[in-house]
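Worksheet: one structure, shown below.
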2 protein chains.
Amino acid sequence: MTAAMREANAGEGLTERQGAVLEQALRLLVDGGEKALTTAGIARAANCSKESLYKWFGDRDGLISAMIGFQASKVRTQDVAARALDAESLERHLIVFAKDLLEVLAGDVSLALNRLAIGQASRDGSKLGHMLQERGRRQIGRRAAALLEAGRKAGLLAFDDADEAYGALYGLIVSDWHLKMLLGEEAGEMKKGFGRKAEQAVSAFLSLYGTKR
Amino acid sequence: MTAAMREANAGEGLTERQGAVLEQALRLLVDGGEKALTTAGIARAANCSKESLYKWFGDRDGLISAMIGFQASKVRTQDVAARALDAESLERHLIVFAKDLLEVLAGDVSLALNRLAIGQASRDGSKLGHMLQERGRRQIGRRAAALLEAGRKAGLLAFDDADEAYGALYGLIVSDWHLKMLLGEEAGEMKKGFGRKAEQAVSAFLSLYGTKR
DNA sequence: TGCGAACCGTACCGTACGGTACTGATTGGG
DNA sequence: CCCAATCAGTACCGTACGGTACGGTTCGCA
């Protein structure tokens with residue numbers, strides 16, 4: 001296996017070695033926050049030299065960008081082939097989507113990266129924010145949009161503006177939980193309520209946009 | 001006017017001089033993010049000495065805590081005396097609440113303080129997060145809870161769990177706008193849509209929890 | 001008028017970080 | 001067997017920050 005072959009394995013233009021380094025960097029970030037994300041610390045944790053870090057990623061910002069891209073490349077949302085959609089299966093799919101959304105938002109790495117991007121939003125012109133939005137949010141948003149569109153095509157949902165409907169769905173599912181978790185609320189206690197929360201949100205959403213009720 | 005009399009003017013145990021200093025600190029934070037919030041910078045902007053800063057606020061964390069408390073003390077939510085509530089006035093009050101909520105969340109200082117608290121959530125055990133939650137969120141939450149309770153007493157709303165109803169209202173109003181703004185999305189463009197957004201959210205909420213429809 | 005407290009401005013100290021340069025070891029190819 | 005490239009480890013540099021100490025000044029008060 002040549003170096004050229006090893007390239008572009010992780011969906012980015014990254015060596016597996018570089019991926020391992022980014023993995024360690026993410027771990028540092030999750031454990032200690034932005035303050036723990038120092039070049040020396042990463043080099044120590046990943047058993048590599050600072051010089052290599054700068055050679056591979058340019059500077060600290062490049063490394064952080066690479067971390068976001070690397071993490072996004074690991075979380076691919078599979079579009080559910082939603083054929084033969086009836087009222088019950090739509091509700092089931094929506095509930096699964098809701099649970100997945102809550103699980104993703106409550107994830108260690110997701111929270112840490114969002115905290116990092118939010119903390120830097122003032123100084124870097126929200127470059128990281130846009131990146132996180134584009135590579136994380138958009139994915140799950142498309143999955144929901146496809147689901148809603150399928151529901152409408154099947155005559156199970158009625159809405160004019162798909163974005164508005166998605167906004168309502170998202171708000172009913174997430175409410176202020178995401179912010180509370182970003183602010184440091186212990187996520188362990190909350191996760192138990194995700195199932196019930198998801199069902200309630202989907203029920204409310206179907207009351208608003210379903211044709212059945 | 002003695003120094004003792006000047007104390008406790010701003011709702012906290014603060015001299016007006018100290019309040020002015022905190023004002024400048026908030027301005028620095030809004031303009032330049034956490035990185036701009038240095039003790040030397042604050043001293044320069046407020047024309048005071050670093051020694052005074054440490055004398056008044058202990059250390060940098062104490063100063064940040066004081067900033068949060070100071071800002072919270074300026075934003076007192078007036079409980080609307082909601083007697084003689086009918087369907088139309090309830091809807092009007094809810095829309096006003098929704099607009100206020102969006103305006104508050106989109107405010108410069110609110111965004112900056114939330115960014116700061118989120119950025120420090122990993123290292124300080126979410127002390128700032130809890131403070132922000134307690135002194136900012138709780139206020140507006142109580143206002144909403146009172147409104148919802150009044151609506152239920154008047155037979156206009158039907159819900160078992162007030163927290164659940166409030167969660168739905170909050171989610172329908174805010175959706176993912178808060179996170180987007182925290183991540184750096186330009187807030188100027190969004191503010192124009194607040195009115196329509198608030199009306200839509202309240203309409204949806206009344207569809208879910210109103211007794212009239 | 002004289003005293004003392006508060007305070008501004010600045011200089012200072014230790015530390016820690018981002019980024020660079022150098023050395024020695026390893027590896028793969030000809 | 002040697003050469004070139006890569007990389008780990010470390011030492012180093014400039015800078016900037018949090019926090020402290022000190023001289024000079026103002027202001028309330030007796």
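Order of the sequence lines sets the chain letters (A, B, ...), proteins ahead of strands, with each chain counted from 1.
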**Item:** Ile64(A) and its side chain to side chain contact (heavy atoms under 4.5 Å, CB included) partner, picked from Leu37(A), Leu113(A), Asp124(A)
**Value:** Leu37(A)

Identify which nucleotide among [options] has an atom closest to any side-chain atom of [X], counting heavy atoms from C-beta outward.
| X | options | value |
| --- | --- | --- |
| Thr38(B) | dG9(C), dG19(D), dC17(D) | dC17(D) |
| Lys50(B) | dC7(D), dT20(D), dT20(C) | dT20(D) |
| Lys55(A) | dA8(D), dT6(D), dG9(C) | dT6(D) |
| Asp59(B) | dG9(C), dG19(D), dA8(D) | dG19(D) |

**Message:** Side chains of Glu34(B) and Gln120(A): any donor to acceptor distance under 3.5 Å?
**Reply:** no

**Prompt:** Just checking, is any N or O donor in the side chain of Ser65(B) or Lys127(B) under 3.5 Å from an acceptor N or O on the other one?
**Reply:** yes

Interatomic distance where [atom1] belongs to [X] and [atom2] belongs to [N] [whole Å]:
| X | N | atom1 | atom2 | result |
| --- | --- | --- | --- | --- |
| Asn47(B) | dT10(C) | CG | P | 10 Å |
| Ile42(B) | dC7(C) | CD1 | C1' | 17 Å |
| Glu51(A) | dT23(C) | CD | C1' | 11 Å |
| Glu16(B) | dA6(C) | CD | P | 17 Å |
| Arg44(A) | dC17(C) | CZ | C1' | 12 Å |
| Leu28(A) | dC17(C) | CG | P | 12 Å |
| Glu34(B) | dG18(D) | CD | C1' | 13 Å |
| Leu63(B) | dG19(D) | CG | C1' | 13 Å |

**Request:** Kindly indicate whether the side chain of Leu102(B), heavy atoms from C-beta on, has any atom under 4.5 Å from the side chain of His178(B).
**Result:** no

**Request:** Report, as yes or no, whether the 6.0 Å neighbourhood of atom CZ on Arg17(A) holds more than 12 heavy atoms from other residues, nucleotides or ligands.
**Result:** yes

Distance check: side-chain N/O of [X] vs OP1/OP2 of [N], anything under 4.0 Å?
| X | N | value |
| --- | --- | --- |
| Trp56(B) | dA6(C) | no |
| Thr39(B) | dG18(D) | yes |
| Ser52(A) | dT6(D) | no |

**Request:** Remember a base hit wins even if backbone is also touched, and classify Arg17(A) as base, sugar-phosphate or nothing at under 4.0 Å, heavy atoms.
**Result:** sugar-phosphate

**Request:** Find which nucleotide of DNA chain C each of Gly58(A) and Lys35(A) is nearest to by heavy atoms, and output the residue with the more 5' nucleotide.
**Result:** Lys35(A)

